[in-house]
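A short worksheet on the structure shown next.
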Number of protein chains: 2
Amino acid sequence: MKSGDNREKREVRDVIFGTVAAVAALFGSEARLKIMQLLSQSPRSVEEIAKLTGESIANTSQHLQRLLAEGLVSVRKDKISRIYNLGSGSVSEFIECLFDLAEELSPGLREACSQLDKPGCTCPVGIKDAIELVRSGKARIIDLRPETESAYSPISGAINIPIEKLKTGASALPKNKKYYLVCRGRYCSGAGEGVKLLRALGYEAYKLRSSHSRINGEFPKRRNAK
Amino acid sequence: MKSGDNREKREVRDVIFGTVAAVAALFGSEARLKIMQLLSQSPRSVEEIAKLTGESIANTSQHLQRLLAEGLVSVRKDKISRIYNLGSGSVSEFIECLFDLAEELSPGLREACSQLDKPGCTCPVGIKDAIELVRSGKARIIDLRPETESAYSPISGAINIPIEKLKTGASALPKNKKYYLVCRGRYCSGAGEGVKLLRALGYEAYKLRSSHSRINGEFPKRRNAK
DNA sequence: TGACTATTCAAGAATTCTATTGAATATTAG
DNA sequence: CTAATATTCAATAGAATTCTTGAATAGTCA
């Protein structure tokens, strides 16, 4: 092999690693990571995102522009606003990977996570087993999100009872089943609250830990980011 | 719920996302990504890594320090040098995820990758199927890396024939089998060369696309990063 | 011990990234 | 057409990151 050939491949490898590192860098900003995690739950307008992340609208918009240019998010126009969404399911899968790795690496992170959950909520079964239990009638999965979000990314086998409705109508649920609760993904405290509520009423309830993306497997189609 | 409780959880979430973003940022530098990808193949000294990445030794050392502090790599002392290694298999799994995502997002990256491979090398079977074929005697997986690297992270079912030996002794291989070649992971051109070589001799050969970490599943134990 | 090797440390310059500000654009509703 | 709303653009200051340089450390070998 000629040495020129080697050098050429060397440069190709530089391009490859540069590109991949650039992708990783997109997740390396707290603001952008929050945006993407939010979008993995449901599509939202710039204003909504800004409100939920606590950033300014202009800054949020700028981050979204960049994510759009790189194909990580997509937009569609609504009447008056632009609704952003994740570009593909791979993105939220990747975010899950990232969270997994970070939790493994950082004891501090694990501790912070445990502060979001009430103790004793740790779920004894995984998501697949939970779905199986639902099939056999022994358990129910309850999706605590508002109807709009739940309708966007439905969880297979789950029934949607927004947290407010659960507060008033929980006692109508049958007692002879186990309850696995999900809310807005891994770092939402909603499911933990629901568990507390149901347990106070004598139910056997757990927080099901897994993101919607993994549970669901169905994603909006990728749009052309033009 | 008190509003103070909400604010507190808000801060916890900030900590969480900040931590996770920091982890992602570690992969957002070309130099560090190269280092980690190298280490996913075999442990190496600072000097070796610096040479292979083309960075200065001091700079490489600094990156390694940081990766060490964050638990992404581990060290052990050799006679004279310090041998760095990936901290856990999760890291190389994550790198695979990252590469997958980047390839999906970037057409330019896909094109760059295709430049490393000779056309027609794309493997018709996945890694699991390939191992199955080896078991049934219909195929062989050949690991083209030097013996030292191959010994460190052996690929199940593979035989080790360093590329130099293949050049001289390929014709001794039986003709009635399929050959799946692996080298140093996804972006190494070694396997592509091997394929060209074997095909020129009339063999049915393919580049098996998958990293060693995924093939292997066995990783060095995590060391305390102190 | 002393020379040598491999690595780390420390400080600084250059670059890149992020968030802010205020203005500009575009779309809808009246 | 005009006002109002939602978002984007453009410039900038501040912060953080990266690589370089030259010196310092520590362990090995003769």
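Every chain is numbered from 1, with letters handed out A, B, ... down the list of sequences.
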Seminar exercise, completed: For B:F99, the ring pair (Phe, Tyr, Trp, His ring centres under 6.0 Å) test, sequence neighbours excluded, returns A:F17, B:Y187
Exercise. Taking the side chain as C-beta and beyond, is there a heavy-atom pair between A:E47 and A:I57 under 4.5 Å?
Worked result: yes
For this session: Rounding to 10 degrees, work out the angle separating the end axes of the helix from C:dT1-D:dA30 to C:dG30-D:dC1 (five pairs an end).
Result: 30°
Give the rounded distance in Å between these two atoms: [atom1] of [X] and [atom2] of [N].
| X | N | atom1 | atom2 | value |
| --- | --- | --- | --- | --- |
| B:I35 | D:dT18 | CD1 | C1' | 12 Å |
| B:L26 | D:dT18 | CG | P | 9 Å |
| A:K51 | D:dA6 | NZ | P | 11 Å |
| B:L67 | D:dT18 | CG | C1' | 14 Å |
| B:E30 | C:dT16 | CD | C1' | 15 Å |
| B:D78 | C:dA6 | CG | P | 11 Å |

Side-chain donor/acceptor of [X] to backbone N/O of [Y], under 3.5 Å:
| X | Y | result |
| --- | --- | --- |
| A:T53 | A:I49 | yes |
| B:E55 | B:T60 | no |
| B:N85 | B:S74 | no |

Exercise. Restricting to pairs with a member in residues 22-48 of chain A, which pass ring-ring contact (aromatic ring centres under 6.0 Å, His included), not counting sequence neighbours?
Worked result: A:F27-A:F94
Seminar exercise, completed: Among C:dT20, C:dA29, D:dC29, the one nearest any side-chain atom of A:K79 is C:dA29
Using a cut-off of strictly less than 4.0 Å, decide whether [X] has a side-chain nitrogen or oxygen near OP1 or OP2 of [N].
| X | N | value |
| --- | --- | --- |
| B:S56 | D:dT20 | yes |
| B:R32 | D:dT17 | no |
| A:H63 | C:dA19 | yes |

Exercise. If we ignore angles and hydrogens, is there a donor and acceptor under 3.5 Å between the side chains of A:E104 and B:S88?
Worked result: yes
Exercise. Which distance, rounded to the nearest 0.5 Å, do you find between the SG of A:C97 and the CD of B:E96?
Worked result: 10.5 Å
For this session: Supply the atom-to-atom distance A:L67 CG to A:Q62 CD, rounded to the nearest 0.5 angstrom.
Result: 12.0 Å
Exercise. Quick one: on DNA chain C, does A:K77 or A:R66 contact a more 5' nucleotide (nearest heavy atom)?
Worked result: A:R66
Exercise. How does protein contact run along nucleotides 7-12 of chain C, one letter per nucleotide 5' to 3', with B for base contact, S for sugar-phosphate only, - for none, heavy atoms under 4.0 Å?
Worked result: SBBBB-
Exercise. Which heavy atom of A:R44 sits nearest a heavy atom of A:L39, and at what distance?
Worked result: N-CD2, 3.9 Å
Exercise. Sequence neighbours excluded, which residues qualify as salt bridge (charged side-chain N to carboxylate O under 4.0 Å, His left out) partners of A:K165?
Worked result: A:E147
Between protein and nucleic acid, restricted to nucleotides 13-16 of chain D and to nitrogen or oxygen atoms under 3.5 Å apart, what atom pairs and distances do you find?
none

